[in-house]
Every structure is written in structure tokens, then in C-alpha cells.
Enquirer: 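Before I ask anything, here is the structure I am working with.
First listed ligand is number 1; within each ligand, the first listed atom is number 1.
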Amino acid sequence: MLDCAIIGGGPAGLTAGLYATRGGLKNVVMFEMGMPGGQITQSSEIENYPGFYQHGKTGMDFMDTWQEQCFAFGLTHKMKKVERVAKTGEHFTVTLESGDTVEAKTVIVGTGSTPKRTGIKGEDELWGRGVSTCATCDGFFYKGKSVAVLGGGDTALEEAHYLSNICAEVNLIHRRDEFRASPSMVDRIRRTENINMITDTIIEEIEGDMMGVTGLKLKNVKTEETSNLEVPGVFIFAGHNVNNSVLKDESGAFICDMNEWGQVIVDLSMKTSIEGLFATGDMRIEAPKQVVSAAGDGAAAALQVIAYIQEQA
Ligand code: FAD
Ligand code: NAP
């Protein structure tokens, strides 16, 4: 029986592992289906993690020492994909993709979320080289420059507004002339001088060279008119898929409370509606979707796990 099963080895899962093992728990296993590190390993540069300020270091470089540090304190990594988590009486059963099961007293889930891709020509090739899904992460690289934002939801408009404080000009491109975002948000965008709203328009192609994005080929879907927009960066906000499938039972129902967008409802200690089950990082409600906050969640959850196990003993 494990003291704690951690699912996901991104910043949230790794930090949970570090705190749980340093806090005295003996049997802590992190199930990560790939190499530990999480989404940030796809990043070409990270500038906003306090204490790590090394120009030119990639997300992969950044995460390298995290695993080393965690394993030094006794965290075990099993490179396994978890199928589902179920509460069976007092304990949890973690079912792996292979069908094998593991029993655990507590579970911390940190399986993240995945930004949706649009399939636009050039998106994959220039991903991380001018195509971004995170204004907080990458906006500063375009300080004083003109950028494009794709999407008409709350995220696109909020991020466009955030970028308007950093960039000289923000071109908000949306495929319709009506927005999913709340009317108050749309109104705020309309009132922001350096945001150009380009509606009824699709991005046909993201163009670039060895250095990254150089511009966009646009098409107005009503007039069929095409145009070019020269920008060094485009932010895509086409929605997120929350990686929450491990929290579904065999009938497809969630085992804990979720909000309408499939994010896990937690309190400030990362407790879910199920005792002994914690959710952390990008998959939880109100997640800032940053490494620093995911790590904070992992620490908070692990401290709760230690207290919970002490209470049960
Ligand atoms: P993740 O990092 O998504 O980790 C989840 C892990 O769970 C993954 O490793 C995945 O393989 C694993 N997993 C999923 N399902 C299962 C399963 N069923 N079984 C086993 N394992 C599973 N943030 C910043 O603060 N600064 C930045 O500059 C920055 N830049 C970014 C650049 C890019 C290109 C991207 C994609 C993100 C960036 N972010 C940045 C955001 C940051 O990476 C995330 O907020 C953070 O990684 C979230 O951590 P997490 O642990 O919640 O989830
Ligand atoms: P979303 O509401 O699903 O919006 C995604 C946007 O991307 C839509 O405008 C969609 O266009 C566009 N899009 C999707 N695929 C595309 C493609 N292939 N090409 C071009 N455009 C594409 O996602 P979200 O903005 O991330 O929001 C998710 C949920 O979180 C929403 O319910 C939102 O209200 C909520 N949220 C709330 C807040 C807040 O309350 N402060 C903040 C952020 C998010 P169409 O509109 O034409 O489909």
C-alpha cells in the first residue's frame, strides 16, 4: 500500500513528490507516462520562474534538475500511464493502462491540460518559435512590437488585453463577428486603443523562417478578400482540453466534483470533494497555468497528504 500515489510528473507532480518524501512519507510513487518535466519542457525559454534567470536556457534545461532533486529524496518514478483512480472503502485503487492496479492511501493528481491546436498551416512547424498559447509566458518577448491573437472566447480576449499592456499593437483575429466571451470583456476590448479587432477572418497560414514567425495570411470569410499581416508572434487561444480522464469511473462519470469546463474543483489546500484525493496545477479551477503556481499547488497538496496520513495513523 502506497502512502501517496502521484499522477503526472510535471511541475505540480514533481513538487508534490519532493515535499511528500522530504516530509517523511516512505512509499511515494509518481506515475508519469513519459519523461518527467511536463509541458514546460516544450518551451524554448523560461524567464518568469523566480531564481532561474539564465538567458537561452530551455524548458528542458530548466526541468532537468527538478527530477534529480526529487529522486534524491526518495521519490520513485514509474513510467506508466494511469487509466483511472477509484476510491475503494478507505483507500484508492489506481488502475494502470496495463490493467495492473496499485493501492494507495492518498492520491495527488496533476495531469495538466493541453491547449487545443487549430490545424492552421505552419502552426506545428512554428510552435514555440512565435506560435504561443501563453501570453503570461511569452508576451514579454514581444515588448513594444505588434502581435496577433486568435480566438473569440474569454481566454483570447483576456490575454489580448494583457498583451495590450506590453505590446505596441494587438491584432485580435476571430472567425466570426460574434464573441463567446462575456459582453463586458468584449466591451473592454473595444475600448482598448491598441487592440484591432479583425472579425469574420481566419488565419490561412502562419508564415515563418529559421528565426520564427514572420507573418500571417488572412482571409475574410464573408468577402473572401485575402491580406497579409506582418507579426513576429501569434497567440492561439482555441480552448483547452483538461487531462481529467483518470478521474472518470468506468461509466464515464467523474468521481469528484468538477466545474462545467472539466476542471477539478478544489479548495485552497488542493482538496477535492473526495477525502484523500487532491488535484493540482493546470487541471484545477482558476489555475493560472504557470510553473510557479503548479509547483505551489504540489507543495500544498503534499503537506495536506502528510497531515492526513498522520491523522489516520
Ligand atoms: P503538466 O506540465 O501538463 O504536466 C502533466 C504531466 O502529466 C505530463 O508530464 C503528462 O505526461 C502527465 N500525464 C497526463 N496524463 C497522464 C496519465 N494518465 N498517466 C500518467 N501521466 C500522465 N509556464 C510558466 O510559468 N512560464 C513559461 O514561460 C511557460 N511557458 C510555456 C511554454 C509552452 C510551450 C507551454 C506548453 C507551457 C508553458 N508554460 C509556462 C505553462 C506551464 O508549462 C504549465 O503551467 C505547467 O507545466 C503546468 O504544470 P502541471 O504539472 O499542472 O501539468
Ligand atoms: P472557448 O470559449 O472554447 O473559445 C475558443 C475560441 O477559439 C472560440 O472563439 C472559437 O471560435 C475559437 N476557435 C476554436 N477553434 C478554432 C479554430 N480551429 N480556428 C479559429 N478559431 C477557433 O475557450 P476559452 O476562451 O479558453 O474558454 C473556455 C471556457 O473558460 C469558457 O467557457 C470561458 O467562458 C471560460 N473562461 C472564463 C473566464 C472568466 O470568466 N474570466 C476566463 C477564461 C475562460 P468560435 O467562437 O467561432 O467557436
Enquirer: Which option, M185, E286, R180, Q263, owns the non-hydrogen atom nearest atom 3 (O) of ligand 2?
Expert: R180
Enquirer: For atom 5 (C) of ligand 2, which candidate among G262, S184, G151, A238 holds the nearest heavy atom?
Expert: A238
Enquirer: Is the shortest distance from a Lys or Arg side-chain nitrogen in E90 or K105 to a carboxylate oxygen in the other one below 4.0 Å?
Expert: no
Enquirer: State which residues pass side chain to side chain donor-acceptor pair (under 3.5 Å) with D267; sequence neighbours excluded, sorted by chain then number.
Expert: none
Enquirer: Among E178, E159, R175, which one puts a heavy atom closest to atom 19 (N) of ligand 2?
Expert: R175
Enquirer: State the atoms of ligand 2, each with its element, that fall below the 4.0 Å cut-off from a heavy-atom position in T118.
Expert: 17 (C), 18 (N)
Enquirer: Going by the rule side-chain contact (heavy atoms from CB on, under 4.5 Å), which residues pair with M211 if we only count those two or more places apart in sequence or in a different chain?
Expert: D209
Enquirer: Would you verify that at least one protein heavy atom lies under 4.0 Å from atom 17 (C) of ligand 2, or report that none does?
Expert: yes
Enquirer: Is the distance between the ring centroids of W66 and Y49 less than 6.0 Å?
Expert: yes
Enquirer: If the test is side chain to side chain contact (heavy atoms under 4.5 Å, CB included), which one of H174, R176, K217, R175 qualifies with I202?
Expert: R175
Enquirer: As an exercise, identify every atom of ligand 2 less than 4.0 angstrom from a heavy atom of F237.
Expert: 5 (C), 6 (C), 7 (O)
Enquirer: Side chain, backbone, both or neither: which applies to L150 and ligand 2 if a contact is any heavy-atom pair less than 4.0 Å apart?
Expert: side chain
Enquirer: Quick one: look up the protein heavy atom nearest atom 35 (C) of ligand 2 and list residue, atom name and how far away it is.
Expert: W261 CZ2, 3.4 Å
Enquirer: If we ignore angles and hydrogens, is there a donor and acceptor under 3.5 Å between the side chains of T118 and E123?
Expert: yes
Enquirer: Backbone or side chain, does any N or O of E158 fall under 3.5 Å from an N or O of ligand 2?
Expert: yes
Enquirer: Does ligand 2 have a heavy atom under 4.0 Å from the side chain of F179, from its backbone, from both, or from neither?
Expert: neither
Enquirer: When you look for heavy atoms under 4.0 Å from ligand 2, do you find them on the side chain of H174, its backbone, both, or neither?
Expert: side chain
Enquirer: Hey, can you pull the donor-acceptor pairs under 3.5 Å for the side chains in residues 137-157, sequence neighbours left out?
Expert:
| unit_1 | atom_1 | unit_2 | atom_2 | d |
| --- | --- | --- | --- | --- |
| D138 | OD2 | S132 | OG | 2.7 |
| S146 | OG | E169 | OE1 | 2.7 |
| S146 | OG | N171 | ND2 | 3.3 |
| D154 | OD1 | S182 | N | 3.1 |

Enquirer: Taking non-hydrogen atoms within less than 4.0 Å of ligand 1, which protein residues qualify?
Expert: G8, G9, G10, P11, A12, F31, E32, M33, G38, Q39, I40, Q42, S43, I46, N48, K80, K81, V82, G110, T111, G112, C137, V246, G281, D282, K289, Q290, V291, A294
Enquirer: Examine ligand 2 and decide if any of its atoms is less than 4.0 Å from a heavy atom belonging to R176.
Expert: yes
Enquirer: Please state whether the rings of F71 and H77 are parallel, tilted or perpendicular, taking 30° and 60° as the class boundaries.
Expert: parallel
Enquirer: So with a 6.0 Å cut-off around OH of Y19, is the heavy-atom count from everything else above 12?
Expert: no
Enquirer: For residues E103 and T93, is any side-chain donor paired with an opposing acceptor at under 3.5 Å?
Expert: yes
Enquirer: Can you tell me the protein heavy atom closest to atom 43 (C) of ligand 2 and the distance?
Expert: T155 OG1, 3.4 Å
Enquirer: Can you tell me the protein heavy atom closest to atom 36 (N) of ligand 2 and the distance?
Expert: D154 CB, 3.7 Å
Enquirer: Which residue, D282, T133, N243, forms the side chain to side chain donor-acceptor pair (under 3.5 Å) with T114?
Expert: N243
Enquirer: Do the side-chain N and O atoms of T58 and D61 include a donor-acceptor pair separated by under 3.5 angstrom?
Expert: yes
Enquirer: Just to confirm my output: which protein heavy-atom neighbour is closest to atom 23 (O) of ligand 2, and how far is it?
Expert: G239 CA, 3.6 Å
Enquirer: For K87, I'd like to know if atom NZ has over 12 heavy atoms of other residues, nucleotides or ligands within 6.0 Å.
Expert: yes
